[in-house]
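Notes follow the structure.
Keep in mind it's a predicted model, so treat the numbers as computed, not measured.
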Number of protein chains: 2
Amino acid sequence: MKTRPGTADSAGTADSAAGRAEAAARVWRGMRTLVLDLHDRRREVGEALGLSFVRAKALRSLAAGPLTMRQLAERLATDAPYTTVVVDDLQRRGLVRRGAHAGDRRLRIVTLTLAGADAAEVAERILGRPPEPVLDLDDADLAALDRIVAKLLGTGRVPDSAVVAASVRHA
Amino acid sequence: MKTRPGTADSAGTADSAAGRAEAAARVWRGMRTLVLDLHDRRREVGEALGLSFVRAKALRSLAAGPLTMRQLAERLATDAPYTTVVVDDLQRRGLVRRGAHAGDRRLRIVTLTLAGADAAEVAERILGRPPEPVLDLDDADLAALDRIVAKLLGTGRVPDSAVVAASVRHA
DNA sequence: GCTAAAGGTTATATCCGTACAAGTATCTGA
DNA sequence: TCAGATACTTGTACGGATATAACCTTTAGC
């Protein structure tokens, strides 16, 4: 609504720009609805593991490799004290181990135990299971979506797991 | 990786099925990453309005039209008592009004005030603003994504705002 | 060596959200 | 009319998450 068709100038790009903005907004709202409203499984993960969101997220973060407390805090978007609480809890449950860093003895390196890796995998499987509508897409649509989503991710920031892994590895 | 190319049988559909499952999982993980990790603006909304997530969500729910307490509770996925707390708070801030339902005097109908509608619009604008990568898509990709996302949403449940609005409207 | 900075831990306070119990007012159906 | 169900409110208790301050250890720079 309110497209003001009279304002389109010679090239027609002005009108197209308005249409693009609308389409982009519609797409984004749609993606948010799919992820947050229609197919949010975070509660399911919590029930399956008996862990809160942040604790489950900590396990999933560690699945890619060990992290220091500070790095983990950044991943979880929390502060250092609460990260201590979370790791204490996970350690008490036997899901993570705290280790020392050879190079810098101030650092604590948090590593998944086997049980922790199992739990992380359970969480990842629940969260990663694609919803029905995605599975029902025809081959062409799925391939197109796959390509476009990869493009959307590609423009973004580097995953930063590589940096993290490297910084820990040289110990 | 691990595509096991030898297992493809005559029709080639078996191999394609495996590829489809992988693509679907990759797409879904990508969409979750975009919405939850790379472009989550829920914190920004809270800061802009000075309201918690649930309160902001209540305002956005009411933007489509008045709701009874119970309907609002369902939208927020909370129980009735907490909904009372939330509405009390929003009312104290002058963002919503509690009204009576003519037909059934047990019901309380919650309506946005003008200030509440403004706040809801602010929230919606922050959350609905598409991230850069979406805006940077070329016309063909954006159109394809628009079409496919609409398809993904279409398979789902009816928005149920219509039902809600109708049930309130007959007052 | 001494000081400042960084990594972690401990403790405390507070808010948000969930859950449960109980009570009031109203409606519905036998 | 009377019992039971529904809508909402009040109160309470608790876990989860955030913020801040204080402290200890270790590292790095002068």
Are [X] and [Y] ion-paired here, with the side-chain N under 4.0 Å from a carboxylate O?
X	Y	answer
Arg129(B)	Glu124(B)	no
Arg42(B)	Glu47(B)	no
Asp141(B)	Arg147(A)	yes

Worksheet item: Leu95(B) pairs by side chain to side chain contact (heavy atoms under 4.5 Å, CB included) with which of Leu114(B), Asp118(B), Leu90(B), Leu112(B)?
Response: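 That would be Leu90(B).
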Worksheet item: What pattern of brackets, bars and dots sums up DNA chain C from 5' to 3', given Watson-Crick or G-U wobble pairs under 3.5 Å, [ ] for crossing pairs and | for another strand?
Response: ||||||||||||||||||||||||||||||
Fill in: Closest contact, heavy atoms only, Ala56(B) versus Leu51(B)
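Scanning both residues completely, I find the closest heavy atoms to be N-CB, 4.4 Å.
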Response to the item:
Heavy-atom nearest pair, Arg20(A) first then Asp138(B), reads NH1-C, 3.6 Å
Item to complete: Kindly state which residues belonging to residues 45-53 of chain B come within less than 4.0 angstrom of DNA chain D, counting heavy atoms of the residue only, listed by number.
Response: none
Worksheet item: Which parts of residues 80-99 of chain A get close to DNA chain D, meaning a heavy atom less than 4.0 angstrom away?
Response: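 Nucleic-acid contacts, sorted: Pro81(A), Tyr82(A).
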For the [atom1] atom of [X] and the [atom2] atom of [Y], what is their distance to the nearest 0.5 Å?
X	Y	atom1	atom2	answer
Lys57(B)	Leu62(B)	NZ	CG	12.5 Å
Trp28(B)	Thr33(B)	CH2	OG1	10.5 Å
Met69(B)	His101(B)	CE	NE2	15.0 Å

Item to complete: Under the side chain to side chain contact (heavy atoms under 4.5 Å, CB included) rule, what do Leu153(B) and Leu34(A) come out as? Steps first, then yes or no, please.
Response: CA-CA 7 Å; Leu153(B) 289 169; Leu34(A) 285 168; 3.8 Å; yes
Worksheet item: Taking only residues two or more places apart in sequence or in another chain, which ones pass side chain to side chain donor-acceptor pair (under 3.5 Å) with Arg70(A)?
Response: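 Residues passing side chain to side chain donor-acceptor pair (under 3.5 Å) with Arg70(A): none at all.
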Worksheet item: Nucleotide range of DNA chain D contacted by chain B, 5' to 3', under 4.0 Å to a heavy atom?
Response: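 Listed 5' to 3', the contact boundaries are dT6(D) to dT18(D).
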Worksheet item: Can you give the first and last nucleotides of DNA chain C, 5' to 3', that have an atom under 4.0 Å from a heavy atom of chain A?
Response: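 Nucleotide range with atoms under 4.0 Å of chain A: dA6(C) to dT18(C).
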Discussion item. Between Thr68(B) (side chain only) and Leu107(B) (backbone N and O only), is there a donor and an acceptor less than 3.5 Å apart?
Written reply: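 No; zero donor-acceptor contacts below 3.5 Å.
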Worksheet entry | Main-chain N/O of Ile126(A) paired with Arg41(A) side-chain donor or acceptor, under 3.5 Å |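 Yes, Arg41(A) side chain to Ile126(A) backbone: donor-acceptor pair under 3.5 Å.
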Worksheet entry | Audit row: Val85(B), Arg55(B), side chain to side chain contact (heavy atoms under 4.5 Å, CB included) steps and yes/no | CA-CA 10 Å; Val85(B) 172; Arg55(B) 286 161 178 72; 4.3 Å; yes
Discussion item. Please tell me whether Gln91(B) and Arg97(B) have a donor and an acceptor in their side chains that are separated by less than 3.5 angstrom.
Written reply: no
Worksheet, complete the sentence: Walking DNA chain C from its 5' end, the first of Asp104(A) and Arg43(A) to be reached, judged by nearest nucleotide, is Asp104(A)
